[in-house]
Structure formats: structure tokens, C-alpha cells
Amino acid sequence: MRAGLLAGRPRGQLVVDAEGLTKRFGATLALDGFDLAVPEGTVCGLLGPNGAGKSTAVRILSTLLRPDGGHASVAGFDVLRDPMQVRYRVGLAGQHPAVDGVLTGRENLEMFARFYRLGPAAARRRASELIEQFDLAEAAGRRPKGYSGGMRRRLDLAISFIMAPPVLFLDEPTTGMDPGHRLEVWKGVRALVAEGATVLLTTHYLDEADQLADSITVIDHGRAIARGAPEELKSALGGDRIDVLVSEPGDVPEVARLLAEVTGDSPEIHEDTRWVGVAADDRVATLARVARALDEHGLAVRDIVLRRPTLDEVFVQVTKDVRP
Ligand SMILES: Nc1ncnc2c1ncn2[C@@H]1O[C@H](COP(=O)(O)OP(=O)(O)O)[C@@H](O)[C@H]1O
Ligand SMILES: [Mg+2]
């Protein structure tokens, strides 16, 4: 674990507050002392490789699964002592949507809206809004059996949005969705947050976390290994980067060797696109040294870019640190 990456608990009222959660499935320790804190009215992105324990955490927080140890409260209610109070306040969109196979998309939405005590007219209205918002016109008159994966997932999400719940858990909400629909889901999440909702979102897509999350918790092997705002994580880890676009394909190895010498970092080399990247810990000073060295060696470059690391680079780095 890196010092500084897990320091401090967030300020403000915590809507999700979990400490030391453990969960074992046979020989697998799915959660191993997992901590999570999500302040009210924010989006928390839970990032981690496959099998890291994300869904297990979401299932415990939504009272579908009992932890073996630790404790957690959601919206101020303990998940073990007051599960019903938690359920009243949480909307959950699962990774494996279980939407009713007999009803059409619209009937599904209306049924859930009635279940949440909307009157018949209000239920119809809400169903129509969600059909529009999630681009479900095609699905509205058909049964889920014939849906594409993306359509099924959008219906599942629409159902979780019905009551604009104060707390929303989204487990990989846009996996397998095309980019247009992902944008629609992001818009929907932002709209709920603007109305005061608190969202916990697990995702494989780092750009999704970067776009939506106020804070990010990285989980691996059932433990939180890094936590912070996306920008904080990017600053804390390795700092900025320099990318050099080499003019002549034949010069790529020589430029890479020179960048390694100047920065002491091992460069990332993309032969096919002629980009070479290195860490730029001293930012502009490093940039100046790199430019001077290239010039002195008569190496022509087409572009030099000083930039922040992407969340992908941060992620690779933190998970590498804890893996053997
Ligand atoms: N019901 C279960 N029975 C047995 N093992 C499980 C069960 N649910 C999860 N696991 C195991 O626990 C670990 C964490 O799983 P999960 O929380 O689904 O990870 P993630 O959602 O991050 O991919 C994995 O090794 C997974 O195989
Ligand atoms: Mg999962």
C-alpha cells in the first residue's frame, strides 16, 4: 500500500460508511477488511480488476449479502440491524438484470412504479419519461426475452431510476453498451446527483470514473488500495508525463534511449505510432531537458506534449504495487 493514498476520511455526512468488511466464500477471501466512505450528494467510483470484490461489496451494502465481519451503514442505517430501512432508500442496478420475462418493457416499468406506490397515471407518466431517457422505445412494446444485452441493461437501469432513490448503487452500469448509450446513462446519473442523490458506481471503464466520480476507491484482493479524487490520484502517482512524437520511424529507439537517460524512467514505446512516453517529475524543467537533449543529438520530433497521467496509468501503477 502506498503511503498517502489512503490518508484521511472524507468530510461531510457519509451516506455509505463501511469499515473492515470481510466476506469469505469457501477458500476465497472476497473482502479482506474493506473500507469505504461516500459523502452525501457525491459519486464514488469503485475501481478494481475482475474478482477484486466490487460486486461483493455492493451486495453487502444493499443488504443482499451478510458480511462475515466489519460493519457498514447506508443512509445512516446499519445494513445488518436495519436492512429494511436501507432497502427503502437504495436503488440497485445489478450486473445481471433480472427483469420479468412475461411483461413488456413498458409493463415492467409500470409494474415497478406501482410497486413503489405510484398511482396508475403517475406510473404511466414515469414509465414514458424513462423510456425516452433510456432510448427504450423499441423495447417498450416487447418482452425482455428478445432484447439485446444493451437494451436489457438499459431497462434494468431505468427500473433502478424509477423512484429517484436517494442512494443508488450501479454495478458496472454501462458494460457492453455502445458509446451513445453510455453518454445517456452518464447524463441520467448526473441528473440524479443534481437532485441530491448519492451514487456508488463500480466500473471497468476508467474514463467513466474520470467523467462521473467525485472520489475513487481502488479495490484489489478485497482491500481498498487507493482513494481520492481522480485528480488527486493522478497527482499522487508519478505526476505528469511527456510524450514525444518522433518524425522518423527509424529514430524511435534512439529517442527512447535518450529519454531514458535524461529522465531515469523506462520509456513507454509505441513503435507503430512513433510515440515515446516518460515520466516528467519536474514538469517544465524535464520538458526543457528533453527538448535540449533531442536538439543536441539532431533528432527531429513532430510534437512534444506535457500532460497529466490518465486514470488508466494510475490504475496500472497502484494495482502493480500490490501484485506479486
Ligand atoms: N457466491 C459466490 N460464491 C463463491 N465465490 C464467490 C461468490 N461471489 C463472489 N465470489 C468470489 O469472490 C471474489 C470477488 O468477487 P466479486 O465481488 O464478484 O468481484 P468483482 O465484482 O470485483 O469482479 C471472486 O474471487 C469471486 O470468484
Ligand atoms: Mg462484479
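Computed from a predicted model, the values in this text were never measured in an experiment. Atoms within each ligand, like the ligands themselves, are counted from 1 in listed order.
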[X] neighbourhood, listing ligand 1 atoms whose heavy-atom distance to it stays under 4.0 Å:
X	value
Ser55	17 (O), 18 (O), 20 (P), 21 (O)
Pro49	22 (O)
Ala52	19 (O), 20 (P), 22 (O)
Asn50	23 (O)

Kindly write out the residues that satisfy side-chain hydrogen bond (donor to acceptor under 3.5 Å, both in side chains) with Thr217, not counting sequence neighbours, or none if the list is empty. none
[X] side chain near [Y] side chain, heavy-atom distance below 4.5 Å:
X	Y	value
Gln211	Arg190	yes
Lys187	Gln133	no
Phe34	Ile60	no

What about [X]: any of its N or O atoms under 3.5 Å from an N or O on ligand 1?
X	value
Ala30	no
Thr28	no
Gly53	yes

With a cut-off of 2.8 Å, does Ser55 place any N/O/S atom under that distance from the Mg ion (ligand 2)? yes
Does Gly48 have a non-hydrogen atom less than 4.0 Å from ligand 1? no
Interatomic spacing from NE2 in His71 to CG in Leu80 - rounded to 0.5 Å: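 Taking NE2 in His71 and CG in Leu80, the distance rounds to 10.5 Å.
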Should Arg241 and Glu268 count as an ion pair when the cut-off is N to O under 4.0 Å? yes
Under 3.5 Å donor-acceptor, Arg81 side chain and Phe77 backbone: no
